[in-house]
Participant: 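Below you will find the structure I want to go over with you.
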4 protein chains.
Amino acid sequence: MLNRVILIGRLTADPTLKYTPSGVAVTQFTLAVDRPFNSQGGEREADFIPVVTWRQLAETCANYLRKGRLTAVEGRIQVRNYENNEGKRVYVTEVVADNVRFLGPNNGNPSGQGNDAFKPDKKYGDPFADDGKPIDIPDEDLPF
Amino acid sequence: MLNRVILIGRLTADPTLKYTPSGVAVTQFTLAVDRPFNSQGGEREADFIPVVTWRQLAETCANYLRKGRLTAVEGRIQVRNYENNEGKRVYVTEVVADNVRFLGPNNGNPSGQGNDAFKPDKKYGDPFADDGKPIDIPDEDLPF
Amino acid sequence: MLNRVILIGRLTADPTLKYTPSGVAVTQFTLAVDRPFNSQGGEREADFIPVVTWRQLAETCANYLRKGRLTAVEGRIQVRNYENNEGKRVYVTEVVADNVRFLGPNNGNPSGQGNDAFKPDKKYGDPFADDGKPIDIPDEDLPF
Amino acid sequence: MLNRVILIGRLTADPTLKYTPSGVAVTQFTLAVDRPFNSQGGEREADFIPVVTWRQLAETCANYLRKGRLTAVEGRIQVRNYENNEGKRVYVTEVVADNVRFLGPNNGNPSGQGNDAFKPDKKYGDPFADDGKPIDIPDEDLPF
DNA sequence: TTTT
DNA sequence: TTTT
């Protein structure tokens, strides 16, 4: 009934922009969020949290976010599941963002030159290619 | 650098209270959080989000929370990983709570009678038995 | 650049539904939010936080919320100011809600019978009559 | 029962560090938080939100925060009131922070040279001198 | 009274 | 001015 997440962290890599079969933009990236200092010393630790954005926000994120950039994300936790190649159910937890703030200094080119994310081939297929499951979500069922 | 989650949902089952080898209480439960209405009709949908609490809060949750109870949880997203039986790295995402509010009507017995969670056998081993990985976290490394 | 508030508390009174000159619904109420226990004993304390909602959400809140009802509110802090009768600038801080959850048991009548809030007279004037300042906000400038 | 605020904005001025009569550090500053773009064009708008921090966090904020610095704040809304010189009750709404992140580039000197906030005279009196009301809060009643 |  |  209420599900709200706010994160500030850094992108672990350039974002990935893809499109659903019906042409809806979806961008994914992972935020490294440092845990509060472990006073006992020890190494620096972080949580690596997958983030998804949709539609207009997806395009904007793909255009402006880059690896290492400090970013604030607002959204909700989503747990989706699918059957993998071996017929086993896999659960994926991610943050579906509805608000993203670019906090790092804008190191320039929103043109995204030299970044794969900027040559989206509008390939029709799974926007989450890594898990090998094509998704074909009708627009009215999109998580955002 | 900032990682905050607020959830309101219902327990999918009674909470599970266990103890780490060093005797620290840890309680786990899953919150079913209804997604905002899908105006297109369709079935009711929910996210099922695993929650962990530690120490004093763990004891309190085990004492007062029960299946179906409406509950508010504040905490942070944590992604831990371990190697499973087949030597594959598995990622578990959960909310580590530092604040829990019992919203449902208090249906009585905090004594927890008739609930397995109330006969913790202080078994020394993995507090997250399901993934089959014993953990032996020294107190100063506890996530909370 | 980011401004998010989440409250759970109880209405101190029935909500007040009014309309802007251009006919936009606006509902106000105050949430009493208990502070965390003061271990030193002492009396129970609470913060009394004014909440505003607009449009469709305003109508819904006026229909379902009542004095004493446990309620979750999501929104942002807004500080508006106006000149009072004595020509002094007054600052009003309130939470502009974009999401409201009714947590208490639904004590029945959404018809709102016997409650002033249900006979809005569409009076053209200040929706926040108490401070005596008429506001005539063009729709495109509404805070929500 | 739950009261959480997360803000990202810029300091409108250097923070002010003072001490309560019993010697507890308290730092105040105001965050300018830009509102989401008003698509209708129009001027840039912001909310100016007063923030208070206590104890160790107060010292750290006084040492590192400066006018204009981008800052994330986590805390709760507090509404305190006092009687002013004319015997009228005045309500002050502010965010009591328990977590502060410095997001701007660290423009150097944490020594705070050339900033009044760094020569706290430990004056015994109201840490919120502007409203002219001395406060003498026993340590166990501090809001944080 | 306000920040970039 | 306040809720349970």
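Side-chain atoms are counted along with the backbone in the values below, which use heavy atoms only and exclude waters and symmetry mates. Labels below follow one simple rule: chain letters A, B, ... track the order of the sequence lines, proteins then strands, and each chain is numbered from 1.
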Participant: Who are the ring-ring contact (aromatic ring centres under 6.0 Å, His included) partners of D:F102, not counting sequence neighbours?
Facilitator: D:Y64

Participant: From the options C:V73, C:L7, C:I6, C:D34, select the one residue that forms a side chain to side chain contact (heavy atoms under 4.5 Å, CB included) with D:L2.
Facilitator: C:I6

Participant: My understanding is that only residues two or more places apart in sequence, or in another chain, count here; which of them pass side chain to side chain donor-acceptor pair (under 3.5 Å) with D:D47?
Facilitator: C:R76, D:R35

Participant: With respect to the side chain of D:A32, which nucleotide from E:dT3, F:dT2, F:dT3 is positioned closest?
Facilitator: E:dT3

Participant: May I have the distance from C:D14 (atom CG) to F:dT3 (atom P), rounded to whole angstrom?
Facilitator: 12 Å

Participant: What integer distance in Å separates C:Y82:OH from E:dT1:P?
Facilitator: 14 Å

Participant: Among E:dT2, E:dT3, F:dT4, which is the nearest nucleotide to the side chain of C:D34?
Facilitator: F:dT4

Participant: Let's see if you can work this out: which of E:dT3, F:dT2, E:dT2 has an atom nearest to the side-chain heavy atoms of C:F48?
Facilitator: F:dT2

Participant: Considering only E:dT4, F:dT3, E:dT2, which nucleotide approaches the side chain of D:T30 most closely?
Facilitator: E:dT2

Participant: Determine the contact category for C:G68: base if any of its heavy atoms lies under 4.0 Å from a base atom, sugar-phosphate if only primed atoms, P, OP1 or OP2 are that close, otherwise nothing.
Facilitator: sugar-phosphate

Participant: Mind checking C:A46 for me? I need base, sugar-phosphate or nothing, with any heavy atom below 4.0 Å counting as a touch.
Facilitator: base

Participant: In whole Å, what is the span from the CD atom of C:E45 to the C1' atom of F:dT2?
Facilitator: 14 Å

